Amino acid sequence: MHASLTEHARCLYDDEYQDAPGCGGDHHEQYFVEELTFADADSIVAMLRDLSPRVVEGRLPVWVRNLAYRLAILQRPDDPVLMREAADSLYLHGPVWDDVAADLRRRADVLDPAGAVVGSSR
């Protein structure tokens, strides 16, 4: 059993910033996705920030990162910082997600105009 969502992700996907714990558990992606699906926003955000402190780095698969941000935003629909992080992550993965990223950034800017990037083309 893993002590946290972050530890489970680290065991499954490894971590470029610290060694994965030697837990000896049976690591099936399905079990991790189940845990992620029912995790609270704090646990999800902690995992994202621990395993990918800089959006362009980290070993979480893109689909896991996208799903994690989506689940966290559903639980924190008024969190402009989280929306901007999710948008930044989406912009990295090609134009297919640019409309979703732009919408997240617009929603974040409505909630927190002071946090908007001045002169941003997004």
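Because the structure is predicted, anything quoted here is derived from the model rather than measured.
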Sub-4.5 Å side-chain heavy-atom contact between R70 and V100 = no
Derivation and outcome, side chain to side chain contact (heavy atoms under 4.5 Å, CB included), residues E85 and L48 = CA-CA 10 Å; E85 286 178 25; L48 287 164; 5.7 Å; no
query = At what distance, to the nearest 0.5 angstrom, does OG of S4 lie from CG of D50?
reply = 8.0 Å
ask   = Does V96 belong to the same Ile/Leu/Val/Met/Phe/Trp/Tyr cluster as V62, with side-chain heavy atoms less than 4.5 Å apart forming each link?
value = no
remark   = dist R49:CZ -> T6:OG1 (nearest 0.5 Å) comes out at 11.5 Å
key: Joint hydrophobic cluster, V45 plus V33, side-chain heavy atoms closer than 4.5 Å   = yes
task = Supply the atom-to-atom distance H8 NE2 to H2 NE2, rounded to the nearest 0.5 angstrom.
result = 5.0 Å
key: Interatomic distance, E35 atom CD to L12 atom CG [nearest 0.5 angstrom]   = 10.5 Å
request  = Might you point out which heavy atoms bring S89 and R65 nearest each other, and give the distance in Å?
outcome  = OG-CD, 2.9 Å
query = Would you say the side chain of R105 lies within less than 4.5 Å of the side chain of Y91, judging by non-hydrogen atoms?
reply = yes
request  = Mind running side chain to side chain contact (heavy atoms under 4.5 Å, CB included) on L90 and D98 for me, showing each step along the way?
outcome  = CA-CA 7 Å; L90 288 171; D98 285 357; over 6 Å; no
ask   = Shared ILVMFWY cluster between F38 and Y69, side chains joined below 4.5 angstrom?
value = no
Considering all heavy atoms, the nearest A101-A87 contact = O-CB, 3.5 Å
message = Can you classify the ring geometry of Y13 versus F32 as parallel (below 30°), tilted (30 to 60°) or perpendicular (above 60°)?
response = perpendicular
Heavy-atom pair of closest approach, residues S52 and G58 = OG-CA, 3.7 Å
inquiry  = With side chain to side chain contact (heavy atoms under 4.5 Å, CB included) as the criterion, how do D112 and M83 come out once you've worked through the C-alpha distance, each side chain's angles and the decisive distance to 0.1 Å?
reply    = CA-CA 11 Å; D112 177 28; M83 288 178 191; over 6 Å; no
request  = Answer yes or no: is there a donor N or O on one side and an acceptor on the other, between the side chain of S43 and the main chain of A39, under 3.5 Å?
outcome  = no
note = To the nearest 0.5 Å, atom CG of L60 lies from atom CE of M47 at 5.0 Å
Close side-chain approach of R59 to L51, heavy-atom, < 4.5 Å = no
remark   = From the list N66, D40, I44, side-chain contact (heavy atoms from CB on, under 4.5 Å) with L71 holds only for I44
inquiry  = Would you say W63 ends up clustered with I73 if hydrophobic residues are merged whenever their side chains have heavy atoms under 4.5 Å apart, either directly or through other cluster members?
reply    = yes
request  = Quick one: pull up CG in D103 and CH2 in W97 and give me the separation to the nearest 0.5 Å.
outcome  = 13.0 Å
request  = Take L36 and L67 through the side chain to side chain contact (heavy atoms under 4.5 Å, CB included) test and state the conclusion after the steps.
outcome  = CA-CA 9 Å; L36 174 62; L67 176 61; 3.8 Å; yes
ask   = At their closest point, which heavy atom of R76 faces which heavy atom of A41, and how far apart are they?
value = NE-CB, 3.6 Å
remark   = With sequence neighbours left out, the residues meeting side-chain contact (heavy atoms from CB on, under 4.5 Å) with D78 are L111
